[in-house]
Amino acid sequence: MKPVKRIEIVIEEVELDDLIAELDRIGVVGFTVVPGAGGRGERGVRYENLQGLGNVLMTIACDAAQAEKVIEVIRPILKRYGGICLVSDALWVVHET
Amino acid sequence: MKPVKRIEIVIEEVELDDLIAELDRIGVVGFTVVPGAGGRGERGVRYENLQGLGNVLMTIACDAAQAEKVIEVIRPILKRYGGICLVSDALWVVHET
Amino acid sequence: MKPVKRIEIVIEEVELDDLIAELDRIGVVGFTVVPGAGGRGERGVRYENLQGLGNVLMTIACDAAQAEKVIEVIRPILKRYGGICLVSDALWVVHET
Amino acid sequence: MSSLSNMLNPAVLFFGLGFLAQVVRSDLKFPNDLAKALSIYLLVGIGLHGGMELVKVDPASAVGAVIAALGLGFGLPIVAYHLLIWVVRIDRLNAAAIAAHYGSVSAGTFITAIAFLDAAKVTHESYPVIMLAIMESPAIIIGLVLANLSRQGAGNGRERRVSRELVHDAFTNGSVMLLLGSMLIGAIAQPTGLQKILPFYDSMFMGVLCLFLLDMGMEAARRIGDFKAVGAKLIGFGIAMPLIGAAIGLAIGHYLLGFGPGGALLVAVLAASASYIAVPPAMRLAIPEASPALFLTLSLGITFPFNVVVGIPLYFTAAQWLAR
Amino acid sequence: MSSLSNMLNPAVLFFGLGFLAQVVRSDLKFPNDLAKALSIYLLVGIGLHGGMELVKVDPASAVGAVIAALGLGFGLPIVAYHLLIWVVRIDRLNAAAIAAHYGSVSAGTFITAIAFLDAAKVTHESYPVIMLAIMESPAIIIGLVLANLSRQGAGNGRERRVSRELVHDAFTNGSVMLLLGSMLIGAIAQPTGLQKILPFYDSMFMGVLCLFLLDMGMEAARRIGDFKAVGAKLIGFGIAMPLIGAAIGLAIGHYLLGFGPGGALLVAVLAASASYIAVPPAMRLAIPEASPALFLTLSLGITFPFNVVVGIPLYFTAAQWLAR
Amino acid sequence: MSSLSNMLNPAVLFFGLGFLAQVVRSDLKFPNDLAKALSIYLLVGIGLHGGMELVKVDPASAVGAVIAALGLGFGLPIVAYHLLIWVVRIDRLNAAAIAAHYGSVSAGTFITAIAFLDAAKVTHESYPVIMLAIMESPAIIIGLVLANLSRQGAGNGRERRVSRELVHDAFTNGSVMLLLGSMLIGAIAQPTGLQKILPFYDSMFMGVLCLFLLDMGMEAARRIGDFKAVGAKLIGFGIAMPLIGAAIGLAIGHYLLGFGPGGALLVAVLAASASYIAVPPAMRLAIPEASPALFLTLSLGITFPFNVVVGIPLYFTAAQWLAR
Ligand SMILES: Nc1ncnc2c1ncn2[C@@H]1O[C@H](COP(=O)(O)O)[C@@H](O)[C@H]1O
Ligand SMILES: Nc1ncnc2c1ncn2[C@@H]1O[C@H](COP(=O)(O)O)[C@@H](O)[C@H]1O
Ligand SMILES: Nc1ncnc2c1ncn2[C@@H]1O[C@H](COP(=O)(O)O)[C@@H](O)[C@H]1O
Ligand code: NA
Ligand code: NA
Ligand code: NA
């Protein structure tokens, strides 16, 4: 099992494409997205709606170096639109293809 | 990045309002909720259904002191209705508003 | 609070029944499943669709010994179908029933 | 109309198809949001029709139906509760939770009964639909009361807040709002406007019911796994209670309210059916000690199928016999 | 047709029911995917009808409507923007975001106006539906421009990419694609084929509208909590702006385009209504400094209900008065 | 009826609209549950109609169609498999997975063909709908067999359990249950009841098909990105194989079964179409070594659009020519 950083991001559905474009730019391939999330924070309550202003939950597993880059690109997005990003350690059960 | 507790709670959809009321009482503002989850535990299988007896997944990032309070309020709920609560450490990529 | 392993698995919806059958075989009772997830990895993009080839997110809290077994059964599935499995440490807020 | 020909009612056949699909472990999936959408549609449709019928009758004449509904809503759970404690001999909290389900009603069963009458070309009074709306709530209150009695005391602050919430929900839950609301709309809306929306709620109604029952069939079959946990005696209750309810309902419908066979059948079905949408979450919150495996299996897995397949034609035969 | 009888239009009553359900904190839930499905259906239905009507008229005669739509789409946000800055006195970025909403249109309000005319048995020109399709986009562009002006400069690379994306979205967003697409299909598809699909889009249309407005009522009531944050002056704007828009729209519809009362009402509604589907996400991305609590509450919580309940009959009375 | 006028069939136009929306990267979203709901509706609708037609004909006369369906279901994948290995020259496992798709059928294409016949006012035999239900399953079995052959051996215990599961699923998958089930219901249900539900499944049918094809168009366009990965030779196969299938289907429909042009077209479409709902998940589980990018792109991105836009009118012209 390989030690990795587990990055967990909550942003609005409408910002997802923008975030993925940024991940492409810094060469992050893998991520998982759970749509239809709600929540509450400094900017009040969010829930899934017709306007796509609900939240999505993105999980990224990557090495420390990539994690640095991800944090770099996510920070301005969080500052601009709100949301959260949590980083923790995990072990990746490697699957060689 | 600020060290925080990452609290992960799985309870039935119908108990969510009750839990949020408790969080308000102890002054916890931020949380994220993923609806439509299923699962299995001591009380058997749960899946999303017309009765709202499926599970929701709540994630709370907060400091250790608040985490204590959250655990205090969640314990009786878990005892009463079942579900789980996991606590781990994480780093919060701070976003000043 | 009891220290446990937090196992997080992302696989395709169609493989879920197979995985649960394996969990039954090794005596793992508890898990939570979030359906309707999308994502991207070595095998390209996945999103929820009519074919059930979207992802599901499974979370398992268990002791280290069981975690070993889970990893054993998940590895061939990941090798065969792709997906990821992350393992980390957490504290379980015990709920005696 | 014979019981067989009821089984040949498309609605019942689709229920059977869903049941079968689950039994053979088909991968057939019915989106949960679709089930929610269909039940919203059905409640609105039944409400609109009820409302349009009701304006035609003189309000005073509805008073009897309202009183009867309240009587059934408060009375039936108490009957069920004592049966469960003294005859079936289960613990008081599970008894309270189950009893509440049988005091309330199943809109799905009610609508299937209407489909049955339509197919048999039998008319019915318009009052039962008010009774349907009224009977959603009281049983939940009784359930709460019975639970607090057997627990002596409503417990700590949090639990009291939950109880208050539940009383509130008993009267504002989605089914009640949709039923009463669309009944009112059917009663007061301008006819020209109503004419425009009726095709949607008329022509599609029975077809939508079939899809809804397809899903209900799958839900019912999902409960089979819990039959062993439920046990023979409780399963017996799940069949005996609707028969008792139906008998009471028929008596009230025929003698007290003076309904014809159509209306009497509907009252019988109200009394015989058990709630599977509004009450389960309420009882889950009110009586967490009670096992959902028990009350859901009884209401969804036993009483609902029994009423839809056997009960409705049986009660109707009785209603006709009374009407002789 | 009096304002009261408008309130007795089933569509309006279902809006009220949804509003009420939310106000009494009912647990009634309307699946989000159902709301999406209904709005897809309504846009396709309105588009198909528009297209079938439009082929009957000579294209040249549509030019005026197109120009008017563009004029309104670009002009109204600028009017709104200056009102917000000089009269309401809010910051430029929130002003830009809100202004964009009022430059665009609400298909839901438009369709409710058509339901109003149907119920009143009043005919209307077929051009307004093209205007509906056209007016979705320009306001978003104006909103972007106003925001960049008040920020002086489109910001860094990422932000410029986002802006480019938004201009693209302004012309390709779902509502525009569905409206223009099904208008085209209604115009060119073979009649035999169209006849086969019309029952679906005809007979169900008003009934579906009612369910959609049920959900919109709940959405509107959800915004009430933010009224205090919005403040009296902005709430006033949420009522004044539709009146101003309607006045402009009536003038254009009646004098410039020479429409009858039916058509004039629809133009008024286009000008008076504020977008709540296409524009909010665009403004959220374009002007994150702007508070969704403000623009969503104004468009969904104030202007939409005002138009549906009071505005439509009011504008129609004016349209009739002009047509005398 | 010319190919152009087929393209002016609303169903085909909505397919094009969805395709376009995706190509221009519109943010138009079609809820996944809505797509599931529509396909449930379409399968039930087609099944009910088929069942009602079938009771009118003498069962014996259906035997030929059943045998033909089994022949096609088992034969076509073998044809496809060898084409893929000897002509297209891809590996055996991808070949097995793709072959299974072409042995099975696409209900969407079948229903579009029926829409085509309706618009052209051409009648058709009622047997093809049984063939549709029968042909869902065999190809999956063949796919499994071919895969195990080329792997020599069904692998370890887990893999054998998965294989057993798949054989089970081949005969119980949702589409099969819904089709056979509603065919049976259409055949045995009491006429009075059927009359009540038909409006739902009749009048809406073609309109719903349009919404379903709107989504299919978006799905098809999503696959374009994988065209390069698929490569020219496989893309050629995605067009050649339906032509081969159609030829075989026409021969069987016309000569063996003696159908008129309508029925022959439907048999041709059954043979020419590739499954995109039941088979992909089965092959994903059975042959994980095979790339979904290949089989989904071929079936959804190439063969489905080809059949809907070009194939159906082409096969029909051929069917008419045979019928001369
Ligand atoms: N402390 C927190 N814990 C978990 N999720 C949070 C927290 N704070 C914010 N969020 C999530 O991030 C979203 C936006 O947060 P904010 O920008 O603070 O309004 C909220 O809707 C929540 O879903
Ligand atoms: N060990 C576990 N790991 C992950 N989720 C669990 C576990 N145990 C229970 N759960 C979740 O908590 C819900 C209720 O659990 P229980 O009260 O034990 O029946 C289940 O439906 C699961 O979703
Ligand atoms: N690095 C990663 N981080 C998070 N999720 C991943 C990662 N890699 C793969 N996944 C998830 O696993 C699924 C299958 O991955 P793969 O087998 O690599 O294509 C993807 O669709 C993602 O949802
Ligand atoms: Na009852
Ligand atoms: Na406007
Ligand atoms: Na085929």
Side-chain angles (χ1 to χ4, degrees), chain D residues 31-45 47-48 51-52 136-137 140 164-166 168-205 207-208 277-278 281-282 285, chain E residues 1-2 4-38 41 45 111-112 114-122 198-215 217-218:
Chain D
N32 195 48
D33 281 358
L34 176 57
K36 285 184 188 152
L38 297 181
S39 62
I40 290 175
Y41 168 89
L42 290 171
L43 288 168
V44 169
L48 280 173
M52 294 170 68
E136 289 266 356
S137 318
I140 295 175
R164 271 197 310 281
E165 266 309 303
L166 283 165
H168 168 268
D169 293 352
F171 295 102
T172 62
N173 75 67
S175 315
V176 173
M177 293 298 296
L178 286 176
L179 267 174
L180 289 181
S182 29
M183 268 170 61
L184 190 69
I185 293 174
I188 67 173
Q190 52 181 174
T192 49
L194 280 174
Q195 287 321 315
K196 291 266 174 198
I197 69 173
L198 274 191
F200 180 51
Y201 296 103
D202 259 345
S203 56
M204 283 173 54
F205 196 78
V208 171
I277 292 187
L285 284 173
Chain E
M1 187 179 183
S2 82
L4 171 71
S5 69
N6 171 58
M7 289 194 205
L8 293 184
N9 182 317
V12 178
L13 288 169
F14 274 100
F15 179 84
L17 176 58
F19 199 94
L20 179 72
Q22 192 62 29
V23 168
V24 300
R25 304 189 298 102
S26 163
D27 70 346
L28 173 60
K29 283 195 190 49
F30 201 89
N32 195 49
D33 280 359
L34 176 56
K36 286 185 188 150
L38 297 182
Y41 168 89
I111 295 171
T112 309
I114 288 181
F116 173 90
L117 292 174
D118 279 0
K121 302 206 165 36
V122 177
L198 273 191
F200 179 50
Y201 295 103
D202 257 346
S203 57
M204 285 173 53
F205 197 78
M206 289 304 162
V208 170
L209 176 63
C210 290
L211 283 190
F212 183 74
L213 287 178
L214 177 71
D215 181 51
M218 294 172 69

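Note that these values count all heavy atoms, side chains included, but never hydrogens, waters or copies made by symmetry. Residue numbering restarts at 1 for every chain, and letters A, B, ... go by the order of the sequence lines.
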For this session: Name all residues meeting the salt bridge (charged side-chain N to carboxylate O under 4.0 Å, His left out) criterion together with D:Arg164; count only those two or more places apart in sequence or in a different chain, and write none if there are none.
Result: none
Kindly compute the distance separating [atom1] ([X]) from [atom2] ([Y]), expressed to the nearest 0.5 Å.
| X | Y | atom1 | atom2 | value |
| --- | --- | --- | --- | --- |
| D:Lys36 | E:Leu28 | NZ | CG | 11.0 Å |
| D:Met177 | E:Gln22 | CE | CD | 10.0 Å |
| E:Leu17 | D:Leu178 | CG | CG | 6.5 Å |
| D:Leu198 | E:Ser203 | CG | OG | 11.5 Å |
| D:Ile197 | E:Phe14 | CD1 | CZ | 5.5 Å |

For this session: Using ring pair (Phe, Tyr, Trp, His ring centres under 6.0 Å) as the criterion, list what pairs up with E:Tyr41, not counting sequence neighbours.
Result: E:Phe200, E:Tyr201
Seminar exercise, completed: Ranking D:Asn173, D:Asn32, D:Val44 by heavy-atom pairs under 4.5 Å to chain E gives rank one to D:Asn173
So for [X], is it side chain, backbone, both, or neither that comes closer than 4.5 Å to the heavy atoms of chain E?
| X | result |
| --- | --- |
| D:Ile40 | side chain |
| D:Ser175 | neither |
| D:Leu34 | neither |

Seminar exercise, completed: Between E:Arg25 and D:Thr172 the two heavy atoms that sit nearest each other are O-OG1, 4.1 Å
Problem set entry | Residue pair D:Ala37 / E:Pro31: nearest heavy atoms and the distance that separates them | N-CG, 4.4 Å
Exercise. With respect to chain D, which residue among E:Leu214, E:Leu209, E:Asp33, E:Leu211 yields the maximal number of heavy-atom pairs within a distance under 4.5 Å?
Worked result: E:Leu211
Problem set entry | Which of E:Leu13, E:Val12, E:Val208 touches chain D most, by non-hydrogen pairs under 4.5 Å | E:Leu13
Exercise. Looking only at atom types and distance, does a side-chain atom of D:His168 sit under 3.5 Å from a main-chain N or O of E:Ser26, one as donor and one as acceptor?
Worked result: no
For this session: Could you look at E:Lys121 and say if it's the side chain, the backbone, both or neither that has a heavy atom under 4.5 Å from chain D?
Result: side chain
